[in-house]
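Report on the following structure.
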Number of protein chains: 2
Amino acid sequence: MVDPDGPTPLYVQLADLIEGLIRDGTIPANRPIPSETTLQQQYGVARGTSRKAVELLRERGLVFTVHGKGTYAVETLPPA
Amino acid sequence: MVDPDGPTPLYVQLADLIEGLIRDGTIPANRPIPSETTLQQQYGVARGTSRKAVELLRERGLVFTVHGKGTYAVETLPPA
DNA sequence: TACCATTTGTCCGTATGTATG
DNA sequence: CCATACATACGGACAAATGGT
């Protein structure tokens, strides 16, 4: 999944992985991505790392976040 | 604001700047100073740098920190 | 109304690695 | 060698929003 010893930062690897899930339809539009806590446990990273991954996905225009609810895949994806 | 090329370390410049804000009343007693994250973004420095600046202010007796909440200006300022 | 669980938001504390002067 | 500075990554604690009981 993610490689802590690789040259790519963990939070970038995580973001790339989730981007793949969105682009291949595993996570459809307007459906939530895993919570920050779930990502931590699932991939064995700290919360700060999962937060930075989600932040990157927001910057890439792939997801939007609602405080107290969750983070969701956007309707129309930006070009890869 | 802060000069990365100047002879004074960035974190000292940042601390001096905030000390000024406290002494001139811009930041009143028991009010929070900008967070480390805010300082980073505001002045374009790394977190370690903003953290060292706040640490310096603590050593100078100008602020006190509450873990998980924030850093605040003290009630009675030490002599300049 | 009150309470509670979940989730995101915002804080700080610490450590390691890299690079520069 | 050491201080400065940046980036990454871990952890803990509290605040705010949401939704359900």
Side-chain angles (χ1 to χ4, degrees), chain A residues 1-19 21-22 26-74, chain B residues 1-19 21-22 26-74:
Chain A
M1 315 296 192
V2 291
D3 176 19
D5 300 321
T8 307
L10 273 178
Y11 74 94
V12 177
Q13 291 184 50
L14 234 185
D16 289 345
L17 192 154
I18 300 169
E19 174 164 359
L21 296 179
I22 295 175
T26 302
I27 302 175
N30 290 309
R31 295 291 299 169
I33 68 173
S35 72
E36 293 174 358
T37 307
T38 301
L39 291 176
Q40 292 175 59
Q41 300 169 340
Q42 211 83 40
Y43 299 101
V45 298
R47 192 191 166 198
T49 303
S50 64
R51 276 187 64 78
K52 287 198 73 172
V54 174
E55 185 184 343
L56 223 185
L57 290 170
R58 266 197 304 276
E59 291 171 359
R60 290 179 180 173
L62 289 162
V63 300
F64 64 95
T65 295
V66 182
H67 186 184
K69 288 193 66 178
T71 298
Y72 304 81
V74 298
Chain B
M1 312 292 195
V2 291
D3 177 19
D5 300 321
T8 307
L10 273 179
Y11 73 93
V12 176
Q13 292 183 50
L14 234 186
D16 289 345
L17 192 154
I18 299 168
E19 173 163 359
L21 296 179
I22 294 175
T26 302
I27 301 175
N30 290 309
R31 296 291 298 170
I33 68 173
S35 72
E36 292 178 358
T37 306
T38 301
L39 291 177
Q40 290 175 59
Q41 299 169 341
Q42 211 84 37
Y43 299 101
V45 297
R47 191 189 166 199
T49 303
S50 63
R51 210 184 128 271
K52 289 193 71 171
V54 174
E55 185 184 343
L56 223 184
L57 291 170
R58 266 198 303 275
E59 291 171 358
R60 289 178 181 174
L62 290 161
V63 300
F64 64 95
T65 295
V66 182
H67 187 184
K69 289 197 67 178
T71 298
Y72 304 81
V74 297

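Quick caveat, the model's predicted, so the values are computed rather than measured. Proteins get letters first, then strands, A, B, ... in listed order; numbering begins at 1 in each.
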For atom [atom1] of [X] and atom [atom2] of [N], their distance in whole Å:
X     : N      : atom1 : atom2 : value
B/Y43 : D/dT4  : OH    : P     : 20 Å
A/E36 : D/dA9  : CD    : P     : 16 Å
B/I33 : C/dT10 : CD1   : P     : 17 Å
A/K69 : D/dG19 : NZ    : P     : 5 Å
B/L39 : C/dC12 : CG    : C1'   : 13 Å
A/Y72 : D/dT18 : OH    : P     : 11 Å
B/E55 : D/dA3  : CD    : P     : 13 Å
A/D5  : C/dG17 : CG    : P     : 12 Å

Tightest non-hydrogen contact, residues A/S50 and A/L14, listed as CA-CD1, 4.1 Å
Heavy-atom closest contact (A/G61 atom, A/V74 atom, distance):
O-CG2, 3.5 Å
Using a cut-off of 4.0 Å on non-hydrogen atoms, how would the nucleic acid contact of A/G48 be classed: base, sugar-phosphate, or nothing?
nothing
[X] has a side chain; which of [options] sits nearest to it?
X     : options              : result
B/Y11 : C/dT10, D/dT8, D/dA5 : D/dA5
B/R58 : D/dC6, C/dG9, C/dG13 : C/dG13
A/H67 : D/dA5, D/dC10, C/dG9 : C/dG9
A/A46 : D/dG11, D/dC6, C/dT8 : D/dG11

Please confirm whether the shortest side-chain N or O distance from [X] to OP1 or OP2 of [N] is below 4.0 Å.
X     : N     : answer
A/T71 : C/dT7 : no
B/T49 : D/dC6 : yes
A/R51 : C/dT8 : no

5' priority, DNA chain D, between A/K52 and A/V66 [closest heavy atom]:
A/K52
For A/P9 and for B/V45, find the nucleotide of DNA chain D with the closest heavy atom, then tell me which residue's nucleotide is more 5'.
B/V45
Can you tell me if CZ on A/R31 sees more than 12 non-hydrogen neighbours from other groups inside 6.0 Å?
no
For B/E19 and B/L62, indicate whether the former's side chain and the latter's backbone hold a donor-acceptor pair under 3.5 Å.
no
Please determine, for D/dC1, whether a Watson-Crick or G-U wobble partner exists with both distances under 3.5 Å, and give it or none.
none
Does any donor-acceptor pair link the side chain of B/R47 with the base of C/dT16 at a separation under 3.5 Å?
no
Side-chain donor-acceptor contact under 3.5 Å, A/R58 with A/T65:
yes
